[in-house]
Amino acid sequence: MEIKALTALKERVLAANLALVKHNLVIFTWGNASEIDREAGFVAIKPGGVEYAEMTAEDIVIVDLNGKVIDGKLKPSSDTPTHLELYRRFPDIGGVAHTHSRFATVFAQEKKSLPTYGTTHADYFHGAIPCTRALTDDEINGDYELNTGRVIAECHPDPVGIPAVFVAGHAPFTWGKSAQEAVHNSAVLEEIALMALLMQQKEPVSQALSDKHYFRKHGANAYYGQK
């Protein structure tokens, strides 16, 4: 991988991680974002336990899909095995974000999925946001972060159409074509989770309305926005 491309990848991932702070999705050192260069087979990810305000592009760690550090002086995030498993299992994604954002994490801790209650949800997610099963004691005491990625892949019906998941008892993960898109999806997930928690009566919208809003923004015949 050329130095120029490596530097650009690190800068994009730094910007995505700082965007988690900007959108109030993380506090302290919680959460992380990563992006993969599929051609090189390298992933850039936040270093573990580093304050966002102190982080620079040089601090971003580059690993291969087996977790071997290729570039960087710091340890990668402890969630790296989860990110790598998602990249291995979901070949169409290019970026992953993990937060403990307040309202989305409520759904994870309650071990609940999030139905499509309105068109804001349908604009971004083509169906309910799923929640994983709880990890077994053996999975927790073994390769915990790797097993987290495995239960996400195990439960997920549509990683392209629904780029988000709640990990039972833990918190949300989102993804997209890039790290920035993954962060964008995290922000949307937090907003629709808040809307859902504020609702008095909870009844999903019709499938027709959900499909209309999703496909007018996504797919071959999308017409939302500027071409």
Side-chain angles (χ1 to χ4, degrees), residues 5-26 30-46 52 55 57 60 62-63 65 77 79-80 82-101 103-105 114 116 119-130 149 152-153 156-167 171-194 210 213-220 222-227:
L6 189 69
T7 300
L9 178 61
K10 286 186 169 187
E11 289 175 348
R12 289 197 303 274
V13 171
L14 173 66
N17 277 281
L18 296 180
L20 292 174
V21 180
K22 176 183 177 182
H23 294 297
N24 299 312
L25 298 170
V26 298
W30 304 1
N32 39 70
S34 71
E35 185 171 307
I36 188 170
D37 183 312
R38 290 283 182 186
E39 185 175 346
F42 293 159
V43 172
I45 192 165
K46 178 185 178 291
Y52 289 91
M55 195 163 48
I60 301 299
I62 304 293
V63 300
L65 279 169
S77 166
D79 293 309
T80 298
T82 308
H83 287 241
L84 298 181
E85 182 68 1
L86 295 180
Y87 289 126
R88 289 190 294 261
R89 299 287 285 269
F90 300 158
D92 294 321
I93 71 173
V96 175
H98 172 49
T99 77
H100 288 252
S101 60
F103 302 109
T105 299
L114 174 53
T116 308
T119 59
T120 309
H121 181 135
D123 279 339
Y124 290 87
F125 306 106
H126 192 217
I129 311 300
I152 291 172
H156 212 290
D158 181 7
V160 174
I162 309 169
V165 72
F166 303 121
V167 178
F173 281 80
T174 59
W175 47 85
K177 295 177 182 177
S178 65
Q180 284 285 0
E181 186 171 285
V183 171
H184 187 93
N185 288 334
S186 288
V188 174
L189 179 63
E190 179 69 352
E191 190 67 15
I192 63 173
L194 171 58
S210 175
H213 271 259
Y214 182 79
F215 287 116
R216 73 175 188 161
K217 292 188 76 170
H218 307 274
Y223 62 87
Y224 180 89
Q226 305 299 315
K227 295 294 185 184

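Under the 3.5 Å distance criterion, with hydrogens and angles disregarded, a donor-acceptor pair is assigned to the side chains of Y87 and S34. In summary, the side chains of T174 and S186 do present a donor paired with an acceptor at a separation below 3.5 Å, with no hydrogens or angles considered.
You'll find the ring centres of H156 and W175 inside the 6.0 Å limit. When ring centroids are compared, Y224 and H218 stay outside the 6.0 Å threshold. Checked against a 6.0 Å centroid threshold, the rings of H184 and Y124 count as neighbours.
Side chain of H100 to backbone of T105: no donor-acceptor contact under 3.5 angstrom is found. Counting only distance, with no hydrogens or angles, the side chain of R38 and the backbone of I93 share a donor-acceptor pair below 3.5 Å.
Remark: K22 fails to qualify as a cation-pi partner of Y52 under the 6.0 Å distance and 45° angle criteria applied to the six-membered ring.
Using a 4.5 Å cut-off on side-chain heavy atoms (C-beta onward), L189 and F103 make no contact.
Checked for salt-bridge contact, E181 and K177 miss the test: no charged N lies under 4.0 Å from a carboxylate O.
Tested against I62, the residues V13, L6, I45 include a single side chain to side chain contact (heavy atoms under 4.5 Å, CB included) partner, L6.
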*asked:* Quick one, R88 with L65, criterion side chain to side chain contact (heavy atoms under 4.5 Å, CB included). Give me CA distance, side-chain angles, the key distance, then yes/no.
replied: CA-CA 8 Å; R88 289 190 294 261; L65 279 169; 4.3 Å; yes
*Test side chain to side chain contact (heavy atoms under 4.5 Å, CB included) applied to M55 and I60, step by step*: CA-CA 8 Å; M55 195 163 48; I60 301 299; 4.3 Å; yes
